[in-house]
Participant: 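Sharing a structure, written as structure tokens. Questions coming.
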Amino acid sequence: MFKMNWDAIGERNWEAGLDRGVLYTATADDPYGKGVPFNGLTEMTEKPGGAELTDLWADNIKYASIRAAETFGATMGAYTYPPEFEECDGSVEVVSGVYIGQQDRKPFGFSYRTLIGDDQHEGANKGYKLHLLYGMSAQPSERARNPINDSPDATTFSWELNSTPVAVAGYKPVSHLTIDSTKVDADKLAELEEILYGTAEEGEEQAVEARLPLPAEVFTLMGYTGVSGA
């Protein structure tokens, strides 16, 4: 009989960290075709929702249960944000340096990275996970402005994010896609990261702009052939 072994050497995995935030906004040709660094990212709390069960009753018994569709949201925190995020936050620059709020909020995509550690590597150096978010929109949130005192701290910004999932052939629509560097081919992962972060090779006249590929393109790049289109 097989005997379980808990906390075996090399199996004590854990996750930590948050970095490499990238904001993707629309261009004329691509809804996620303009990627820019999102510096100062301090929080990305993922908040899946929905999926509640509704019980059906008939003949004086519980007849069946129907589960609602699942949704995805998040709380994002940062010390700063790129100018491209202003329209996503309902702010428009009327003339240089003059902004108005309460405007339409532009949808966007986002990517970030979390780190993986285990008992065989110092720190979180075993690998990492790339998180790709689609169809995101930011809700207004309060911002506390405090005077500088004997315990100063920088102002932090926070947004509640909601999502409208994108279609994926053969699967339900998705908002959140994760790629584990410890399980995918390194060359394919490097190619994906060139798409996500852009390229600027020495001697190139024009760098390749960063963009967020749709799930079907990611699947194909990683070697899956069961999905065509998105």
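The residues of the chain are indexed from 1 along the displayed sequence.
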Participant: Counting only heavy atoms not in Asp19 (residues, nucleotides, ligands), do more than 12 fall under 6.0 Å from its CG?
Facilitator: yes

Participant: According to the interplanar angle, ranging from 0 to 90°, do the rings of His131 and Tyr112 count as parallel (below 30°), tilted (30 to 60°) or perpendicular (above 60°)?
Facilitator: parallel

Participant: Rounded to the nearest 0.5 Å, how far does CD of Glu46 lie from CE of Met44?
Facilitator: 8.0 Å

Participant: Does any pair with a residue in residues 163-191 pass salt bridge (Lys or Arg N to Asp or Glu O under 4.0 Å), and if so which ones, sequence neighbours excluded?
Facilitator: none

Participant: Which residues satisfy the ring-ring contact (aromatic ring centres under 6.0 Å, His included) test with Phe38, sequence neighbours excluded?
Facilitator: Phe85, Phe110

Participant: Whether Arg12 and Asp118 form a salt bridge (side-chain N of Lys/Arg under 4.0 Å from carboxylate O of Asp/Glu) is what I want to check.
Facilitator: no

Participant: Which salt bridge (Lys or Arg N to Asp or Glu O under 4.0 Å) pairs, counting each pair once, include a residue from residues 50-67, with sequence neighbours left out?
Facilitator: Asp55-Lys62

Participant: Work out which heavy atom in Trp159 is nearest to a heavy atom in Ala78; give both atom names and the distance.
Facilitator: CZ3-CB, 4.1 Å

Participant: Under the side chain to side chain donor-acceptor pair (under 3.5 Å) test, which residues partner Lys129, sequence neighbours left out?
Facilitator: Glu15

Participant: Are the side chain of Ser91 and the backbone N or O of Glu86 linked by a donor-acceptor pair below 3.5 Å?
Facilitator: no

Participant: For the CG atom of Leu130 and the OG1 atom of Thr178, what is their distance to the nearest 0.5 Å?
Facilitator: 9.0 Å

Participant: Using a 4.5 Å cut-off on heavy atoms from C-beta on, say whether the side chain of Pro173 contacts that of Val166.
Facilitator: no

Participant: Do Val22 and Val36 have side chains that get closer than 4.5 Å, going by heavy atoms?
Facilitator: no

Participant: Please lay out, stage by stage, how Lys106 and Glu84 fare under the test salt bridge (charged side-chain N to carboxylate O under 4.0 Å, His left out).
Facilitator: CA-CA 10 Å; Lys106 187 176 182 179; Glu84 290 81 0; over 6 Å; no

Participant: Can you find a pair of side-chain heavy atoms, one from Thr220 and one from Glu217, that are under 4.5 Å apart?
Facilitator: no

Participant: Using side-chain heavy atoms (C-beta onward) and a distance below 4.5 Å, is Val208 in contact with Ile195?
Facilitator: no

Participant: Please check if atom CD1 in Ile148 has more than 12 non-hydrogen atoms from other residues, nucleotides or ligands closer than 6.0 Å.
Facilitator: no

Participant: Quick one: pull up CG in Leu161 and CG in Leu133 and give me the separation to the nearest 0.5 Å.
Facilitator: 7.5 Å

Participant: State, with a plain yes or no, whether a side-chain heavy atom of Ile179 is found less than 4.5 Å away from one of Leu132.
Facilitator: yes

Participant: Just wondering, do Leu192 and Val218 contact through their side chains at under 4.5 Å, heavy atoms?
Facilitator: yes

Participant: Quick one: closest heavy-atom pair of Phe108 and Ala138, and the distance?
Facilitator: CE2-N, 3.9 Å

Participant: Identify the two heavy atoms, one from Ser163 and one from Met136, that lie closest to each other, and give their separation to 0.1 Å.
Facilitator: CB-SD, 3.5 Å

Participant: From Leu115 CG over to Lys126 NZ, what is the distance, rounded to the nearest 0.5 angstrom?
Facilitator: 13.0 Å

Participant: Using side-chain hydrogen bond (donor to acceptor under 3.5 Å, both in side chains) as the criterion, point out the one residue from Gln139, Glu43, Glu160 that pairs with Thr75.
Facilitator: Glu160

Participant: Would you indicate whether the side-chain heavy atoms of Tyr79 and Thr42 approach each other to under 4.5 Å?
Facilitator: yes

Participant: Just grab all the side-chain hydrogen bond (donor to acceptor under 3.5 Å, both in side chains) pairs involving residues 23-41, residues at least two apart or on different chains.
Facilitator: Tyr24-Ser111

Participant: Less than 4.5 Å apart, any side-chain heavy atom of Leu212 and any of Tyr134?
Facilitator: yes

Participant: Tell me the salt bridge (Lys or Arg N to Asp or Glu O under 4.0 Å) pairs involving residues 88-100, sequence neighbours left out?
Facilitator: Asp89-Arg105, Asp89-Arg143

Participant: Let me confirm one number: the CG-OH distance from Leu56 to Tyr63, rounded to the nearest 0.5 Å.
Facilitator: 9.0 Å

